[in-house]
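Encoded as structure tokens, the structure appears first; notes follow it.
Letters go in sequence order (proteins before strands), and every chain restarts at 1. All values reported here derive from a predicted model rather than from experimental measurement.
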Number of protein chains: 4
Amino acid sequence: MSAAQPPVTPAKGRPRSVAADLAILDATRETLAELGWGGLTMGHVATRAKVAKTTLYRRWPSKNELVVDAVASLFDELVMPDLGSLRADIEAVVGQFADLLARPETQAALLALFAEGTRDRQLRRRIREAIVDPQKRLVRQGRAAAQARGELAPDTDPVTAAEEIDIIFDTIAGTVEHRVLVSGEPITPEWARRFSSLLLGPFPSLVSG
Amino acid sequence: MSAAQPPVTPAKGRPRSVAADLAILDATRETLAELGWGGLTMGHVATRAKVAKTTLYRRWPSKNELVVDAVASLFDELVMPDLGSLRADIEAVVGQFADLLARPETQAALLALFAEGTRDRQLRRRIREAIVDPQKRLVRQGRAAAQARGELAPDTDPVTAAEEIDIIFDTIAGTVEHRVLVSGEPITPEWARRFSSLLLGPFPSLVSG
Amino acid sequence: MSAAQPPVTPAKGRPRSVAADLAILDATRETLAELGWGGLTMGHVATRAKVAKTTLYRRWPSKNELVVDAVASLFDELVMPDLGSLRADIEAVVGQFADLLARPETQAALLALFAEGTRDRQLRRRIREAIVDPQKRLVRQGRAAAQARGELAPDTDPVTAAEEIDIIFDTIAGTVEHRVLVSGEPITPEWARRFSSLLLGPFPSLVSG
Amino acid sequence: MSAAQPPVTPAKGRPRSVAADLAILDATRETLAELGWGGLTMGHVATRAKVAKTTLYRRWPSKNELVVDAVASLFDELVMPDLGSLRADIEAVVGQFADLLARPETQAALLALFAEGTRDRQLRRRIREAIVDPQKRLVRQGRAAAQARGELAPDTDPVTAAEEIDIIFDTIAGTVEHRVLVSGEPITPEWARRFSSLLLGPFPSLVSG
DNA sequence: CCGTAATCGAGACGGTACGTCCCGTCTTTCC
DNA sequence: GGAAAGACGGGACGTACCGTCTCGATTACGG
């Protein structure tokens with residue numbers, strides 16, 4: 001989010017309009033969905049949000065930062081369902097992620113942001129903090145549930161566990177994104193089944209049964 | 001590639017300069033490495049290649065197509081080594097891919113192209129044909145070698161085999177790209193080992209040993 | 001001047017700060033001298049005078065009016081010396097005016113104000129009342145002195161006299177301004193001598209001698 | 001004028017559109033007359049001339065230079081009539097100049113240009129070369145005619161003559177401008193008669209008769 | 001000595017024009 | 001007819017000020 005913590009000092013001068021913030025983020029998402037990344041100009045967003053361009057620039061230094069904030073909230077809809085088996089949970093989350101990637105605003109924004117982040121460390125950090133890392137909770141929750149069920153062994157070392165979470169997250173996120181956005185193929189339940197089989201190893205019966 | 005088939009008619013007027021093509025592609029790669037995707041403009045490339053803008057546009061309709069051609073050849077350096085075990089082969093290819101993604105021209109171009117491909121089916125097809133799909137040979141070769149060694153069961157159904165190749169390819173490519181370009185973390189030999197363990201299942205000893 | 005008449009009603013609420021008025025006018029003159037007319041912005045003056053923009057606008061409706069008030073006082077330094085001959089008096093006043101026009105704040109402001117006045121009758125009136133007309137006293141005084149000395153014939157008709165004062169004033173002011181500000185040439189004593197010769201006619205000996 | 005001398009080298013690339021130049025200058029004069037100096041924006045002129053803003057900036061670096069060129073030609077209409085007496089000639093030229101200053105485009109532009117020239121030596125030079133100095137021909141012609149008639153003594157020293165021309169020019173131009181643009185009073189035939197009397201000395205009969 | 005009222009600073013607001021950068025096309029001349 | 005050169009119309013950029021507004025915090029005076 002762009003908003004900092006509630007200011008310690010009671011803030012001098014006219015306070016920033018909260019309504020403007022919301023209108024801008026809404027306008028950004030709508031424009032992304034309608035016109036795509038290329039059609040998203042600061043001027044257009046400002047006009048659509050009925051806000052001056054200066055107001056926009058006062059809050060976000062560029063299109064990139066703005067889109068990070070506008071898109072981040074879309075990822076909050078992902079939830080770990082806890083369906084009783086690790087396989088089912090993985091397939092469910094993959095499905096949710098695929099649905100999210102099918103939305104035009106996500107589609108228009110995600111890879112473009114990643115691409116920009118490639119050459120701007122600050123932006124990459126911001127993307128990670130606002131969009132990517134928060135989703136690692138899904139992996140953590142899924143792992144915890146599987147451990148509770150006895151499907152996975154409990155953590156021994158927290159550092160190793162963190163690395164494992166990272167690698168699993170990169171694998172699920174990266175693979176689904178590559179499938180949908182690069183290969184341009186849909187994520188079917190069948191594909192999700194195969195993919196979770198890959199993750200769970202060639203003989204999942206040995207593990208979960 | 002942009003080059004058309006050798007013309008049937010012996011071509012009227014002055015023939016196109018071959019030197020220009022090479023100079024343009026070189027200039028494109030150099031500019032990508034130095035200034036990144038954002039700094040790559042058609043005018044700049046033309047100037048750098050000592051070529052008129054018209055010459056450039058006569059060959060490539062836009063920056064995107066140009067970069068596809070300029071970058072595609074970089075991916076030819078990836079080879080499947082056949083080191084005697086599937087694990088070793090995977091780790092080797094992951095390492096090669098990581099090195100490729102560490103080069104500034106690849107880094108600047110790859111995600112940007114993917115992002116553009118998101119909104120342009122034609123471009124996506126071209127990217128797949130020129131850059132992505134050719135690398136599936138690596139998976140095919142690795143699989144074949146592993147099957148020859150008895151590490152993997154032989155193919156039963158060619159359709160199933162193709163789908164398996166696809167999913168493995170998306171997984172390796174997507175995960176490594178996400179790790180390097182989105183998470184911004186390096187690919188260490190240790191990480192490659194963990195990743196191949198993930199791919200080979202929790203008890204690889206049962207399979208390969 | 002911007003200051004209104006002493007209020008009839010003893011004024012409710014907090015009285016306006018007198019210090020602010022002076023600080024603003026000083027800041028205006030300083031900024032004019034340093035940055036010129038184009039560099040003079042309301043925001044800048046406010047900042048420099050350590051005053052809020054609202055405070056500034058509460059007193060002066062625009063840059064133009066502000067500068068009129070800021071610059072008017074500079075013209076008070078012009079005096080008619082009464083040196084014993086009309087020629088000497090003219091040359092002295094021309095010299096004073098030239099010195100005034102050499103000051104950067106006058107230089108930056110005067111023509112700019114005149115230019116603005118061209119499109120704003122109200123402003124033109126204000127400029128005349130505050131800056132231009134008060135200087136006609138110089139012509140009047142010089143004429144009176146010359147008449148007392150017998151260099152000039154006494155007034156016959158007051159209307160004719162007024163017109164004569166106007167035309168002499170326009171001639172002296174306009175010519176010196178044109179020489180300094182448009183032609184960009186300095187006013188030397190030699191030039192002043194020539195100019196007063198022109199005013200006094202080709203054979204001044206016949207008049208003053 | 002903005003146009004340089006006809007290029008020695010035959011000029012590479014597409015030549016600049018002459019039509020664009022004319023359209024821009026016309027649009028500038030029209031806009032000046034309609035909206036005044038303040039309403040004259042580069043964007044507006046470009047739109048009105050049906051030309052891209054870049055085309056405009058390619059030729060003139062700023063509004064000031066553009067207006068110099070646009071306005072300069074208006075001054076070409078001033079001519080020295082040679083009416084048989086110096087007085088008549090002066091009154092005629094003063095009248096012409098007054099008419100020129102009454103035109104809205106001149107009125108809007110002239111003092112504004114002079115004001116800008118105050119802080120930009122380059123611009124001042126350009127104004128002098130394009131607008132001011134060319135009119136000195138009027139003084140020269142008038143003087144020559146008067147000398148031919150015997151109204152004025154022939155030149156003795158060319159340097160002195162040049163200085164005399166300068167001072168007379170500054171006087172006529174400056175006075176008329178001050179009368180019209182600063183004092184805001186009209187130039188009547190009566191005023192022109194008085195002014196030429198002033199120039200010709202208190203006893204013109206001694207000179208011209 | 002309390003409330004009303006106009007002031008003060010600060011700074012956000014909607015808006016306009018700026019001058020720059022690239023785009024992709026067109027119009028030259030030369031080869 | 002290709003190539004170099006460079007002008008063309010067009011669109012977005014990010015910045016600078018504009019003049020207005022909304023804040024909380026200060027003064028004054030009149031009751």
Side-chain angles (χ1 to χ4, degrees), chain A residues 9-17 19-20 38-47 49-59 61-63, chain B residues 11-17 19-20 38-44 46-47 49-59 61-63, chain C residues 9-17 19-20 38-47 49-63, chain D residues 9-20 38-47 49-63:
Chain A
T9 52
K12 311 273 274 179
R14 178 172 172 174
R16 292 201 175 165
S17 157
L40 184 79
T41 62
M42 296 299 262
H44 190 109
V45 170
T47 305
K50 298 187 180 180
V51 141
K53 241 192 327 170
T54 36
T55 299
L56 217 166
Y57 278 107
R58 210 171 279 126
R59 292 161 162 76
S62 82
K63 182 166 146 169
Chain B
K12 315 249 290 183
R14 177 171 172 178
R16 290 194 177 170
S17 157
L40 183 80
T41 66
M42 296 299 261
H44 190 109
T47 305
K50 298 187 180 178
V51 141
K53 260 200 301 177
T54 20
T55 302
L56 216 166
Y57 278 108
R58 211 171 279 125
R59 291 162 163 76
S62 82
K63 178 167 149 171
Chain C
T9 51
K12 314 251 289 183
R14 177 173 175 175
R16 290 196 177 167
S17 157
L40 184 79
T41 66
M42 295 300 260
H44 191 107
V45 170
T47 304
K50 298 188 182 180
V51 141
K53 259 199 302 175
T54 21
T55 300
L56 216 165
Y57 278 109
R58 211 171 278 126
R59 289 161 166 76
W60 289 278
S62 83
K63 179 167 150 171
Chain D
T9 52
K12 311 273 274 178
R14 175 173 173 175
R16 291 200 176 165
S17 158
V18 193
L40 184 79
T41 65
M42 296 298 260
H44 190 109
V45 170
T47 305
K50 298 189 181 178
V51 140
K53 240 191 328 169
T54 36
T55 297
L56 217 165
Y57 278 107
R58 211 171 278 125
R59 290 161 164 74
W60 291 278
S62 81
K63 181 166 147 170

To the nearest 0.5 Å, tell me how far D:Arg58 CZ sits from D:Thr54 OG1. 5.0 Å
Whole angstroms only, please: what is the NE2-P distance between A:His44 and F:dC13? 11 Å
Comparing nearest nucleotides in DNA chain E, the 5'-proximal residue of the pair D:Pro61, B:Leu40 is D:Pro61
Measure from CH2 on C:Trp60 to P on F:dG19 and round the result to the nearest Å. 15 Å
Grab the CG-C1' distance between C:Leu56 and E:dG11 for me, whole Å please. 16 Å
Quick one: on DNA chain F, does D:Ala20 or B:Thr55 contact a more 5' nucleotide (nearest heavy atom)? B:Thr55
Verdict with supporting geometry, D:His44 and D:Leu40, side chain to side chain contact (heavy atoms under 4.5 Å, CB included): CA-CA 7 Å; D:His44 190 109; D:Leu40 184 79; over 6 Å; no
Please list, for nucleotides 21-23 of chain F, all pairs of protein and nucleotide N/O atoms separated by less than 3.5 Å.
| from | atom 1 | to | atom 2 | distance (Å) |
| --- | --- | --- | --- | --- |
| F:dC21 | O2 | A:Arg14 | NH1 | 3.1 |

Residue A:Tyr57, side-chain heavy atoms: nucleotide from F:dG14, E:dC23, F:dC18 that is nearest: F:dG14
Please tell me if A:Arg59 has a side-chain N or O lying less than 4.0 Å from either OP1 or OP2 of E:dC13. yes
Measure NZ/D:Lys63 against P/E:dG19 and give the value in whole Å, please. 9 Å
Name the nucleic acid region contacted by A:Lys50, choosing base, sugar-phosphate or nothing; use a 4.0 angstrom heavy-atom cut-off, strictly under. sugar-phosphate
Minimal non-hydrogen separation, D:Ala52 against D:Ala46, with atom names: C-CB, 4.2 Å
Heavy-atom pair with the smallest gap, counting every atom of C:Met42 and C:Trp60: CE-O, 4.3 Å
Interatomic distance where NZ belongs to C:Lys53 and C1' belongs to F:dC17 [whole Å]: 7 Å
B:Lys63 side, atom NZ; B:Leu56 side, atom CG - distance, nearest 0.5 Å: 12.5 Å
Measure CZ/B:Arg58 against C1'/F:dA4 and give the value in whole Å, please. 10 Å
Does B:Thr41 have a side-chain nitrogen or oxygen under 4.0 Å from the phosphate oxygens OP1 or OP2 of E:dC22? no
Whole-Å distance, D:Met42 CE to E:dT16 C1', equals 16 Å
Heavy atoms of C:Ser17 and C:Ala20 approach each other most closely as OG-N, 3.0 Å
